[in-house]
Asks: 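Structure in structure tokens, see below.
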There are 2 protein chains.
Amino acid sequence: MNENINNKLNAKSIKPTAMRQLVLHVLAEQKSAVSMQELEQKFEKADKVTLYRTLKTFEEKKLIHSIDDGTGSIKYALCRESCQCRPEDLHVHFYCTECKQTYCLNDIPIPSVNLPVHFTLENINMVVKGICANCI
Amino acid sequence: MNENINNKLNAKSIKPTAMRQLVLHVLAEQKSAVSMQELEQKFEKADKVTLYRTLKTFEEKKLIHSIDDGTGSIKYALCRESCQCRPEDLHVHFYCTECKQTYCLNDIPIPSVNLPVHFTLENINMVVKGICANCI
DNA sequence: AAGTTGATGCAATTGAGTTGCAAAGTTGTT
DNA sequence: AACAACTTTGCAACTCAATTGCATCAACTT
């Protein structure tokens, strides 16, 4: 298993078990965010629950972030190195209604919103739906 | 039953059945968006499925809009008169982590996003999480 | 009044996410 | 190496919201 994988796990203080190395390896090669179900199918033998808990752990440790794109199944994608999952780290996500893929638009930060007085901000979710460049 | 209710139904060409009048009436008096479950509890006798289909109809006819606030249950709220549910009609939603209510920030339009080239926009969902003015 | 269409209500299903618990694996101590 | 303490994994079973099928009921048409 790639040395890089273990570095990433260690950097976020996640014990590098075989399962976790495998899951991280697969996540790292995705071009779009994946659901638990999709991830499950990428392994021969994979227990849904273990996968579920692995993703939970990764998310807690801010190695990945989850995206609720409104399709009913949550998608997961790697965080950038620098990401702390703070509001200012967040980016826009794009769901293509044609290829049904959810993409991280890492270069597009979520625009700031002027909330009404006395509203405080903790988090923002912004998902744009449309057709991606590949599907036009 | 209020004459206004029937006008609204007629305006969106929805047949004004007793059920629909009732549901619209309840929806109209809400200050925040409600889930199907919450709505169900506001009636003595209410069938979940009828409610479900009523809401679907209302949504199709653009009388209400649904909000996926990330809590796992979809919320519904009345559209404004002028609303066509086009991207430029959309507003930001706010989920308060304290009172667990989801509010339409009708006065805050969703900021425009510069998508990468060849991405086309159909729809945007933007939910801000935090604490609302009542809960501070 | 019969026929057509749409609305409603009940039962049952789907599908994603989640929990409980026991078995297997890992780590540290003697 | 042997043991205890803790963590991770895998199976079964459950929850909860959303959805479908189908039979019944209501309203409108000719």
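In what follows, every chain begins at residue 1, and chains take the letters A, B, ... in the order their sequences are listed.
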Asks: If only side-chain N and O atoms of Thr50(B) are considered, is one of them under 4.0 Å from the OP1 or OP2 phosphate oxygen of dG9(C)?
Replies: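 For Thr50(B), the contact criterion (side-chain N or O under 4.0 Å from OP1 or OP2 of dG9(C)) is met.
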
Asks: dG15(C) P sits how many Å from Leu51(A) CG, rounded?
Replies: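 Whole-Å distance recorded here is 18 Å.
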
Asks: Please state how far atom CD in Gln41(A) lies from atom P in dG15(C), giving the value in whole angstrom units.
Replies: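 Spelled out: CD on Gln41(A) to P on dG15(C) is 12 Å.
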
Asks: Is there a donor-acceptor contact under 3.5 Å from the side chain of Lys12(A) to the main chain of Phe58(A)?
Replies: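 No: the side chain of Lys12(A) does not pair with the backbone of Phe58(A).
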
Asks: Do Asp68(B) and Lys129(A) sit within salt-bridge range, that is, some charged N less than 4.0 Å from a carboxylate O?
Replies: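 Not counted as a salt bridge, because no side-chain N and carboxylate O are separated by less than 4.0 Å.
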
Asks: Are the side chain of Thr97(B) and the backbone N or O of Gly130(B) linked by a donor-acceptor pair below 3.5 Å?
Replies: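 Yes; at least one donor-acceptor contact below 3.5 Å.
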
Asks: Does a donor on one side chain and an acceptor on the other come within less than 3.5 Å for Glu38(B) and Ser35(B)?
Replies: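 Note: Glu38(B) and Ser35(B) side chains meet the donor-acceptor criterion.
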
Asks: Base, backbone or nothing for each nucleotide of nucleotides 11-28 of chain D, written B, S, -, heavy atoms under 4.0 angstrom, 5' to 3'?
Replies: BB----SBBBB-------

Asks: Expressed as a whole number of angstroms, how long is the span from Glu60(B):CD to dA7(C):C1'?
Replies: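 Going from CD in Glu60(B) over to C1' in dA7(C) covers 14 Å.
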
Asks: Excluding sequence neighbours, so at least two apart, what forms ring pair (Phe, Tyr, Trp, His ring centres under 6.0 Å) with Phe94(A)?
Replies: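 Once residues adjacent in sequence are excluded, the partners of Phe94(A) under the ring pair (Phe, Tyr, Trp, His ring centres under 6.0 Å) criterion are Phe119(B).
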
Asks: Say whether, by atom type as modelled, one donor and one acceptor occur between the side chain of His93(B) and the main chain of Ile67(B) under 3.5 angstrom.
Replies: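 Not a single qualifying donor-acceptor pair exists.
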
Asks: Take the protein atom CE of Met19(B) and the nucleotide atom C1' of dC10(C), then report the distance between them rounded to whole Å.
Replies: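 In whole Å, dC10(C) C1' lies 14 Å from Met19(B) CE.
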
Asks: Expressed as a whole number of angstroms, how long is the span from Leu55(A):CG to dG17(C):C1'?
Replies: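 In whole Å, dG17(C) C1' and Leu55(A) CG are 12 Å from each other.
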
